[in-house]
Amino acid sequence: MVLEGGLERGVVEEDWRTLLKDLITKPEQITEKFRIDIEPLKAVVSVYPMRVSRYYFNLIEEVGDPIWMQCIPSPLELKDPYGIEDPLDEEGDSPVPGLVHRYPDRVLMCVSTVCATYCRFCTRKRMVGRSPARLSMDEWAKQIEYIKGNPSIRDVLLSGGDPFMLPDETLDRILGKVRAIQHVEIVRIGSRMPCTLPQRITPKLCSILKKYHPLYVNVHFNHPREITEESERACGLLADAGIPLGNQSVLLKGVNDDPKVMKELLHKLLKIRVRPYYLFQMDLVKGASHFRTRVETGIKILESLIGYTSGLAIPRYVIDAPGGGGKIPIQPNYIVAFDKDKVILRNYEGNIYVYPQPPIEEEAIAYATPP
Ligand SMILES: *Cc1c(COP(=O)(O)O)cnc(C)c1O
Ligand code: SF4
């Protein structure tokens with residue numbers, strides 16, 4: 001392909017735009033590869049749009065497998081008795097459209113409402129693929145103004161939708177504006193494209209991102225089969241640009257709610273230079289309740305990991321509190337008893353250990369003060 005300047009572009013570098021034109025958006029397209037009854041899916045798609053990149057679609061091996069479940073609509077989406085539209089009440093913490101200010105020192109900036117593949121369990125199912133594809137320049141300007149006016153904001157997280165759906169030039173401009181704000185110390189981007197359309201991660205994108213260090217990227221893989229040569233290449237490019245990579249997974253019934261599957265995913269992530277960051281308990285999203293697991297399942301998975309594998313592989317398991325309380329860490333309990341003098345603990349194998357406490361403040365002062 002030829003640039004305006006007449007330069008040859010690398011195949012990989014240009015490919016992603018072409019790939020984004022070849023999407024599976026109609027149930028009929030599923031039958032090109034799989035024999036299923038698509039009639040019940042038509043109503044689902046009219047409420048919650050379907051979009052699957054050809055790359056991600058090709059990772060499906062059979063009907064109902066963990067890749068299928070994440071991207072192919074299910075009739076259960078329209079029969080959800082529990083879910084709510086905006087389970088985290090993001091709208092309630094949104095001072096300007098698309099910006100969520102929930103924690104004291106950081107904000108989440110939704111810069112896009114589309115993705116390369118729509119996950120059926122998405123927390124922002126209410127908006128992804130349903131609102132205008134991206135915010136207007138005017139809305140971005142309002143978000144930037146808000147951050148400028150709030151010196152307590154030291155961490156800006158670009159999210160969406162998927163920020164990497166924006167053209168390089170637009171991303172460059174937004175990052176430039178955010179970076180120019182004196183009190184913004186770090187910038188983070190959350191993207192699922194290294195998983196769903198890894199061809200999006202190009203040397204050109206990386207050369208833009210690295211201008212804005214310290215910049216962190218959180219990716220989103222949920223199943224070991226999502227880790228391929230292509231996604232390894234994408235994460236390698238980002239890591240080589242000096243970008244620390246974290247992963248945010250969602251605990252999904254029938255996809256990764258199994259200690260063996262989860263451990264394999266976490267190990268594979270470390271091998272592609274991604275540090276597991278969060279494991280999310282499924283939110284109460286309307287149209288996605290069939291993905292929910294019980295919290296005990298998550299705790300058991302963590303118990304199967306802690307002590308048995310590298311601490312580096314273990315994500316923090318969190319529940320994003322319904323109604324907008326923010327992320328709350330959930331841990332297996334390793335404290336058996338606790339008093340003024342000692343803490344009684346169990347280790348990962350169930351053995352009991354005692355940790356003697358130092359004296360409490362007043363006693364400590366009396367002890368340390370010479371007569
Ligand atoms: C998750 C989230 C953040 C970032 O949280 P960290 O725990 O710092 O990763 C910021 N704002 C909102 C609204 C969020 O949901
Ligand atoms: S990539 Fe993220 S924002 Fe997009 S549909 Fe999936 S979970 Fe939702």
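Just follow the structure's listing: the first ligand is 1, and inside any ligand the first atom is 1.
Between the choices Lys327, Glu90, Met109, Arg188, the shortest heavy-atom distance to atom 14 (C) of ligand 1 belongs to Lys327.
Taking distances strictly below 2.8 Å, the protein N/O/S atoms close to atom 4 (Fe) of ligand 2 are Cys115 SG.
Counting only heavy atoms from C-beta outward, the side chains of Asn218 and Ile189 never approach each other to under 4.5 Å. Annotation: side chain of Pro163 is not in contact with side chain of Met193 (no heavy-atom distance under 4.5 Å).
With a heavy-atom cut-off of 4.0 Å, Leu157 touches ligand 1 through its side chain alone.
A distance of 6.0 Å or more separates the ring centres of Phe121 and His290. Note: Phe34 and Trp68 meet the aromatic proximity criterion, with ring centroids under 6.0 Å apart.
Residue contact check: Tyr103 has heavy atoms under 4.0 Å from atoms 2 (C), 3 (C), 10 (C), 11 (N), 12 (C), 14 (C) of ligand 1.
When the options Thr196, Thr228, Thr117 are evaluated for a side chain to side chain donor-acceptor pair (under 3.5 Å) with Tyr55, the one that passes is Thr228. Among His220, Arg192, Lys268, the one residue that satisfies the side chain to side chain donor-acceptor pair (under 3.5 Å) test with Glu226 is Arg192.
In terms of polar-atom proximity, defined here as any N/O pair under 3.5 Å, Arg102 makes no such contact with ligand 1. For ligand 1, the polar-atom distance check finds an N/O of Tyr278 within less than 3.5 Å of one of the ligand's N/O atoms. At least one N or O atom of Arg106, backbone or side chain, sits closer than 3.5 Å to an N or O atom of ligand 1.
The local environment of NZ in Lys26 is sparse, with at most 12 non-hydrogen atoms from other residues, nucleotides or ligands closer than 6.0 Å. Heavy-atom contacts from other residues, nucleotides or ligands closer than 6.0 Å to NZ of Lys210 number 12 or fewer.
The single protein non-hydrogen atom nearest to atom 2 (Fe) of ligand 2 is His220 ND1, 4.4 Å, given as residue, atom name and distance. When hydrogens are left out, the protein atom nearest atom 9 (O) of ligand 1 is Tyr277 OH, 2.6 Å; that is the closest non-hydrogen contact. Looking only at protein heavy atoms, the nearest one to atom 13 (C) of ligand 1 is Val100 CG1, 3.6 Å.
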What donor-acceptor contacts under 3.5 angstrom involve side-chain atoms of residues 315-332, with partners at least two apart or in another chain?
residue: Tyr317; atom: OH; partner: Gln281; partner atom: OE1; Å: 2.7
residue: Tyr317; atom: OH; partner: Val295; partner atom: O; Å: 3.4
residue: Asp320; atom: OD1; partner: Lys327; partner atom: N; Å: 3.4

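Remark: Lys125 is positioned above the aromatic ring of Tyr48, its terminal NZ or CZ atom under 6.0 angstrom from the ring centre and at most 45 degrees off the axis.
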